[in-house]
Amino acid sequence: MKVISGPASQELGRKISESLKVEVAPVVFKKFPDGESYIRLDADLKEEEVVIVQTTSPPQDTNLVQLLLMIDAAKDLGAERVVAVVPYLAYSRQDKRFLSGEAVSIETIIKLLEASGTDEFLTVNTHEEDVLKKFRVPAENLSAMTLLAEHFKKRGLTEAFSLAPDRGASELAKEAAEILGGGYGWLRKERDRLTGEISVEEKRLDVRNRDVVIFDDIISTGGTVAAAVEILKRQGAKKVYAACAHPLLIGEAQERIMQSGADGIVGTDCVPSSVSAVSVAPLIADALAKRGF
Ligand code: R5P
């Protein structure tokens, strides 16, 4: 068995291979002057079971193409089984036709992953788990919320309230509350389908003089979390932290969240960033071990 750490997940791939005590197959990669990606798998993959780790955070399109090139090359070089580990699955938020004529982007991505030769698929806190039902090959969604909650617990945030910034993330807060023990709740968020503007409805929460951790799958522009932090602070919360699996942190997201009154932001290495303090390597290594790796 071999692990290939894709260009976008070099560090995470190395940690997973160390946990599993398996060899890393070197991958040579570069960008051509016109921006196209070059990939060379520098290993004998004949009849091997191969795990390819490559996140698809920005630049999503480049990272996706590199992933497809690695999967297709591994199969072409004779790999018997290819497991694609894609910690952040790009395009997962466009999982329906919200407006007529829209591309259902995630369906296209799934078709491409299957066409390139993916035999099994693993991801972490994908936006809407049901989307994985569109895969014909086995596909699993892992959750990093327990790891994130344990991070806060180790730092003394026991009995903190776990908050989801919208109904869709309530299961994430519920999972975290099992570790933190201080109960959980959620806010109501609306997004304008044309402008992308969000509005978070103020709702009474049991947070006066309490520490709160906001749990979400993705922090992109930071607008959702910043709105939640402002509500919590208005209602008398003490320390407020933002936690997510996928810290995309686009543009001024970090500043925006801190300026809203947050006391810190913690993410995972599903998306490498300056706040990726929690590694999902043990989570992914366990899931692979259960699959016989
Ligand atoms: C969407 O519902 C997701 O769960 C996140 O809440 C959203 O992607 C965060 O986006 P932003 O940081 O731009 O508000």
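Just follow the structure's listing: the first ligand is 1, and inside any ligand the first atom is 1. Sequence positions, counted from 1, serve as the residue numbers for this chain. Treat the numbers as computed from the prediction; the structure is a model and nothing was measured.
Within 6.0 Å of atom NZ in Lys239, 12 or fewer heavy atoms from other residues, nucleotides or ligands are found, so the atom counts as exposed in its surroundings. Remark: Glu18 CD is packed, more than 12 non-hydrogen atoms of other residues, nucleotides or ligands lying under 6.0 Å away.
For the pair Lys153 (side chain) and Leu148 (backbone), a donor-acceptor distance under 3.5 Å is absent.
Across every non-hydrogen atom of Gln10 and Ser5, the tightest pair is NE2-O, 2.7 Å.
For atom 13 (O) of ligand 1, the candidate residues are Thr221, Leu172, Asp166; the nearest heavy-atom contact is made by Thr221. If you check each of Arg167, His127, Arg93 against atom 1 (C) of ligand 1, the one with the closest non-hydrogen atom is His127.
In this structure, Phe152 has its ring center under 6.0 Å from that of Tyr241.
Polar contact with ligand 1: present for Gly222 (N/O pair, distance under 3.5 Å).
In Asp217, the part holding a heavy atom less than 4.0 Å from any atom of ligand 1 is the side chain.
In terms of protein heavy-atom proximity, atom 6 (O) of ligand 1 is closest to Asp216 OD2, 2.6 Å. Closest to atom 9 (C) of ligand 1 among all protein heavy atoms lies Ile218 O, 3.5 Å.
Short contacts between ligand 1 and Ile219, defined as distances under 4.0 Å to a heavy atom of the residue, involve ligand atoms 12 (O). Heavy-atom proximity to Thr224, at under 4.0 Å, picks out these atoms of ligand 1: 6 (O), 9 (C), 10 (O), 11 (P), 14 (O).
Remark: Lys174 is not positioned above the aromatic ring of Trp186, lacking an NZ or CZ atom under 6.0 angstrom from the ring centre and at most 45 degrees off the axis.
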